[in-house]
Chemist: 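Here you go, one structure.
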Amino acid sequence: DVKVTQSSRYLVKRTGEKVFLECVQDMDHENMFWYRQDPGLGLRLIYFSYDVKMKEKGDIPEGYSVSREKKERFSLILESASTNQTSMYLCASSLWEGGSANEKLFFGSGTQLSVL
Amino acid sequence: QKEVEQNSGPLSVPEGAIASLNCTYSDRGSQSFFWYRQYSGKSPELIMSIYSNGDKEDGRFTAQLNKASQYVSLLIRDSQPSDSATYLCAVNYARPGAQKLVFGQGTRLTINP
């Protein structure tokens, strides 16, 4: 089974701190994604990556950056955490398919980040 | 702005009945559509994908797609208490395979024994 591992289940940080959220997948997937999930808003895409050292902005990239130095690892960085970044963060990965027959996201268990 | 709209519920259905979940999307060019299920405190998991107009059945689940009306639905037959979860509709607005999904806000479904 595909495993997507997020380094922390719960994290508490102070306003202005630099925060790193780590995600590792073990199935050699090309695609990796970072979402945040807030009540009433569903999942919103922050950043994604189709390959090592490659990144693309999602729908809400402001205040975030990412790093993908190795294929299996995708990091989300909050340069200066703010209270409005308190949220559940979900990492996901998927296999690149040229067609559309096997589009499936595998999610990690999530990191609940609280910024005080 | 690409949007996916769902009724947030909660939707309450008696055990054994059919649960019907609905979703509309804003971009006519979308080609792939998904239903994810999320249990409380857990991560989403894919239960259905659909790419062509019409119905697609998988066990007790049927996904329905109407591209002309920009409408996707999920039917759950013979609903079980274990189906109680939040159901997320997702639409791929990018090229097929790119999996750049936009999710709806989710519909919370409760199956009453």
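Residue numbers begin at 1 in each chain, while the letters A, B, ... track the order of the sequences.
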Chemist: Given the rule that I, L, V, M, F, W and Y join up when any side-chain heavy atoms are under 4.5 Å apart, are B/Met48 and B/Val4 in one cluster?
Modeler: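 Per the 4.5 Å side-chain linkage, B/Met48 and B/Val4 are co-clustered.
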Chemist: If you count the non-hydrogen atoms of other residues, nucleotides and ligands that lie under 6.0 Å from CZ in A/Arg14, is the total more than 12?
Modeler: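 Incorrect, the count does not exceed 12.
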Chemist: Please say yes or no: joined through hydrophobic side-chain contacts below 4.5 Å, possibly via intermediate residues, are B/Phe34 and B/Leu88 part of one cluster?
Modeler: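 In one cluster with B/Phe34: B/Leu88, yes.
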Chemist: Find the one option among A/Glu56, A/Gln112, A/Gln37, A/Met88 whose heavy-atom pairs under 4.5 Å with chain B are most numerous.
Modeler: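 The option with the most such pairs is A/Gln37.
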Chemist: Roughly how far, to the nearest 0.5 Å, is the CG atom of B/Leu46 from the CZ atom of A/Phe106?
Modeler: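 Those atoms lie 8.5 Å apart.
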Chemist: Against chain B, label A/Leu43 side chain, backbone, both or neither, depending on which of its atoms sit under 4.5 Å from a heavy atom there.
Modeler: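 For A/Leu43, the contact with chain B is made by backbone and side chain together.
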Chemist: Select one option (side chain, backbone, both, neither) describing which atoms of B/Gln38 are under 4.5 Å from chain A's heavy atoms.
Modeler: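 Just the side chain, heavy atoms under 4.5 Å.
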Chemist: Is it true that B/Tyr71 and B/Leu21 fall in one hydrophobic cluster, defined by side-chain heavy atoms closer than 4.5 Å?
Modeler: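 B/Tyr71 does not cluster with B/Leu21.
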Chemist: Please look at B/Val102 and chain A and tell me whether the side chain, the backbone, both or neither of the residue comes under 4.5 angstrom of a heavy atom of that chain.
Modeler: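 B/Val102 touches chain A through side-chain heavy atoms alone.
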Chemist: Can you give me the closest heavy-atom contact between B/Ser43 and A/Gly110, atom names plus distance?
Modeler: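 Closest pair (atom of B/Ser43, atom of A/Gly110, distance): OG-N, 4.3 Å.
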Chemist: Give the member of A/Leu45, A/Asp59, A/Leu105, A/Leu90 that has the highest number of heavy-atom pairs under 4.5 Å with chain B.
Modeler: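 The answer is A/Leu105.
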Chemist: In this structure, would B/Leu101 and B/Trp35 fall into the same cluster of hydrophobic residues linked by side-chain contacts under 4.5 Å?
Modeler: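 No; tracing contacts between hydrophobic side chains, which count when under 4.5 Å, never links both residues.
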Chemist: Does the side chain to side chain contact (heavy atoms under 4.5 Å, CB included) test come out yes or no for B/Glu45 and A/Phe107, once each step is laid out?
Modeler: CA-CA 7 Å; B/Glu45 56 178 339; A/Phe107 284 90; over 6 Å; no
Chemist: If you count heavy-atom pairs under 4.5 Å with chain A, which of B/Ala90, B/Gly104, B/Pro44 comes out on top?
Modeler: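 Going by pairs under 4.5 Å, I would pick B/Pro44.
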Chemist: Under 6.0 Å from the CZ atom of A/Arg44, do we count more than 12 heavy atoms belonging to anything else shown?
Modeler: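 Check passes, neighbour count above 12.
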Chemist: Who among A/Pro39, A/Ala92, A/Gly42 has the most heavy-atom pairs with chain B under 4.5 Å?
Modeler: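 Heavy-atom pair counts peak at A/Gly42.
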Chemist: Consider only side-chain heavy atoms of I, L, V, M, F, W and Y, link residues closer than 4.5 Å, and tell whether A/Val66 and A/Tyr50 are in one cluster.
Modeler: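 The answer is no; the residues belong to distinct hydrophobic clusters.
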